[in-house]
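These figures come from a predicted structure and were not determined experimentally. Computation of the quantities below employed the complete heavy-atom set of this structure, encompassing side-chain atoms and omitting hydrogens, waters and symmetry-equivalent molecules.
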Amino acid sequence: MSSLPIPGLERVLFTEEQIDERIREVAAEISQRYQGRTVKLIGVLKGSVFFLTALAKYVEVPVKVDFLAISSFSNKSGSPGVVRIAKDLDDSIEGEDVILVEDIVDTGFTLRYLLQTLAGRAPNSLSVCTFLDRNSRRIVQVPVDFRCFEIPDRFVVGFGLDHNQLYRNLGFVAVMKP
């Protein structure tokens, strides 16, 4: 698909069908690993909502869901900023098998902060599931236990990922024009 009917988009990276198929595969991996247990999916707002919802549908073990939101503040030098929790979890995760659900893992700074913060709350286990993994930009090595797709160093939108709060509702993932 060379030209998309939506201005600003260069090409489709993953179709709805590819996304659905891969999410089913990842859900099966999660179901296998957590067989006989209940898992708590924690979504990082706002981008993970579409992925978490699709994933939870196919996970075959009991699932609890909670959300947190973060804010990042960069300094003027362009170095990585400070991350803080803007909306915390509604419930305790002590003793729970937790899967942190991300829309995209990029540099690793935000994920490292979230993992350190959540680990301090004494979950039984803590793992990471991401829709997209842009490993080529990783600065901080972080564990990613489940991933749907690895992507190139391009700006992408759709299926929860946005540009100025737009495009989240696309059923596919597309590369933005430079």
Side-chain angles (χ1 to χ4, degrees), residues 11-70 85 87-108 110-119 121-138 141-152 154 156-162 167-175:
R11 66 185 166 92
V12 172
L13 193 58
F14 304 112
T15 66
E16 288 187 55
E17 295 75 22
Q18 289 171 312
I19 291 169
D20 186 65
E21 181 181 338
R22 186 64 188 125
I23 289 174
R24 285 174 186 263
E25 292 169 357
V26 169
E29 290 175 40
I30 290 170
S31 300
Q32 177 73 30
R33 184 177 299 177
Y34 292 91
Q35 193 170 19
R37 292 151 63 190
T38 297
V39 9
K40 179 173 261 184
L41 302 178
I42 296 180
V44 182
L45 295 172
K46 299 175 186 163
S48 73
V49 170
F50 291 80
F51 175 49
L52 183 142
T53 303
L55 181 69
K57 239 182 0 182
Y58 299 125
V59 172
E60 294 178 354
V61 297
V63 169
K64 296 178 183 179
V65 174
D66 205 344
F67 293 94
L68 53 81
I70 53 168
I85 293 179
K87 183 246 175 262
D88 209 339
L89 300 172
D90 293 329
D91 299 310
S92 168
I93 60 170
E94 185 175 346
E96 302 259 17
D97 289 308
V98 172
I99 301 175
L100 185 62
V101 179
E102 279 274 27
D103 55 351
I104 186 167
V105 176
D106 198 51
T107 62
T110 301
L111 183 54
R112 178 180 64 183
Y113 169 78
L114 290 174
L115 287 172
Q116 288 171 343
T117 301
L118 295 176
R121 297 178 184 188
N124 180 51
S125 66
L126 179 58
S127 59
V128 174
C129 179
T130 189
F131 178 53
L132 302 176
D133 188 354
R134 191 167 21 222
N135 201 21
S136 63
R137 289 181 38 99
R138 193 83 80 247
Q141 290 311 309
V142 287
V144 176
D145 304 274
F146 308 97
R147 76 177 47 80
C148 284
F149 301 101
E150 190 155 332
I151 62 167
R154 294 292 306 276
V156 295
V157 295
F159 208 76
L161 291 105
D162 75 298
Y167 306 111
R168 285 189 199 278
N169 62 321
L170 299 176
F172 53 88
V173 173
V175 175

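- Looking only at side-chain heavy atoms (C-beta outward), I99 and I30 come within less than 4.5 Å of each other.
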Task: Residue pair D162, Y167: steps toward the side-chain contact (heavy atoms from CB on, under 4.5 Å) verdict - done: CA-CA 5 Å; D162 75 298; Y167 306 111; 5.7 Å; no

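- Considering only heavy atoms from C-beta on, R138 comes within 4.5 Å of V144 through its side chain.
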Task: side-chain contact (heavy atoms from CB on, under 4.5 Å) assessment of F51 paired with D103 - done: CA-CA 7 Å; F51 175 49; D103 55 351; 5.8 Å; no

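- Partners of R134 under the side chain to side chain donor-acceptor pair (under 3.5 Å) rule, at least two apart in sequence or in another chain, are D106.
- By the 4.5 Å heavy-atom criterion applied to side chains, F131 and L52 are not counted as neighbours.
- The closest donor-acceptor contact from the side chain of Q18 to the backbone of T15 lies under 3.5 Å.
- A salt bridge does not link E21 with R24: every distance from a Lys NZ or Arg NE/NH1/NH2 to an Asp or Glu carboxylate oxygen is 4.0 Å or more.
- Separation of atoms CD (E16) and CG (L170) is listed at 9.0 Å; rounding is to 0.5 Å.
- The CD1 atom of I85 lies 8.5 Å from the CD1 atom of I70; values are rounded to the nearest 0.5 Å.
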- [ ] For salt bridge (Lys or Arg N to Asp or Glu O under 4.0 Å), just list the numbers for D91 and K64, CA-CA rounded to whole Å, side-chain angles, deciding distance to a tenth of an Å, and then say yes or no.
- [x] CA-CA 10 Å; D91 299 310; K64 296 178 183 179; over 6 Å; no

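- Nearest heavy-atom pair across P152 and L13 is CD-CD2, 4.3 Å.
- Counted within 6.0 Å of CD on E25, heavy atoms from surrounding residues, nucleotides or ligands total more than 12; the atom is thus considered enclosed.
- Scanning all heavy atoms of the two residues, the minimum distance from A27 to Y58 falls at CB-CB, 3.5 Å.
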Task: side-chain contact (heavy atoms from CB on, under 4.5 Å) between I151 and D133, worked out - done: CA-CA 6 Å; I151 62 167; D133 188 354; over 6 Å; no

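- When every heavy atom of V142 is checked against every heavy atom of G108, the shortest pair comes out as CG1-O, 3.6 Å.
- You'll find the ring centres of F159 and F172 outside the 6.0 Å limit.
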- [ ] Go through V101 and V44 one step at a time and tell me if the side-chain contact (heavy atoms from CB on, under 4.5 Å) criterion holds.
- [x] CA-CA 6 Å; V101 179; V44 182; over 6 Å; no

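- The pair R121-D88 meets the salt-bridge criterion, with a side-chain N (NZ, NE, NH1 or NH2) lying under 4.0 Å from an Asp/Glu carboxylate O.
- Separating the CD1 atom in I23 from the SG atom in C148 is a distance of 5.0 Å, to the nearest 0.5 Å.
- Here T110 contributes atom OG1 and I104 contributes atom CD1; the two are 11.0 Å apart, rounded to the nearest 0.5 Å.
- Using modelled atom types, one finds a donor on one side chain and an acceptor on the other under 3.5 Å when comparing D97 with S125.
- Rounded to the nearest 0.5 angstrom, T38 OG1 and N124 CG are separated by 11.0 Å.
- Side chains of V26 and C129 form a contact here, defined as non-hydrogen atoms less than 4.5 Å apart.
- Under a 4.0 Å N-O distance rule, the pair K46/E102 does not qualify as a salt bridge.
- Here the closest heavy-atom approach between residue L126 and residue A119 is recorded as CD2-N, 3.7 Å.
- Distance check: K87 NZ to F67 CZ gives 8.5 Å after rounding to the nearest 0.5 Å.
- Shown here for V98 and P123, the closest heavy-atom pair between the two residues is CG2-CB, 4.0 Å.
- In terms of heavy atoms, G158 sits closest to V173 at O-CG2, 4.2 Å.
- Under the 4.5 Å side-chain criterion, counting only non-hydrogen atoms from C-beta, V105 is not in contact with L132.
- Residues passing the ring pair (Phe, Tyr, Trp, His ring centres under 6.0 Å) test with Y113: none are found, sequence neighbours excluded.
- Remark: E94 engages S92, A122 in a side-chain contact (heavy atoms from CB on, under 4.5 Å) (not counting sequence neighbours).
- Within the 3.5 Å criterion, the main-chain N or O of P62 finds no donor-acceptor partner in the side chain of R37.
- The main-chain N or O of I42 is never found under 3.5 Å from a side-chain atom of D66 such that the two would form a donor-acceptor pair.
- Relative ring orientation between F146 and Y34 is described as tilted, the plane-to-plane angle lying within the 30° to 60° band.
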Open item on the list: Go through it in stages, so that I can follow the logic: the residues are R22 and E29, the test is salt bridge (Lys or Arg N to Asp or Glu O under 4.0 Å), and I'd like the CA-CA distance, side-chain angles, deciding distance and then a yes or no.
Closed with: CA-CA 11 Å; R22 186 64 188 125; E29 290 175 40; 3.7 Å; yes

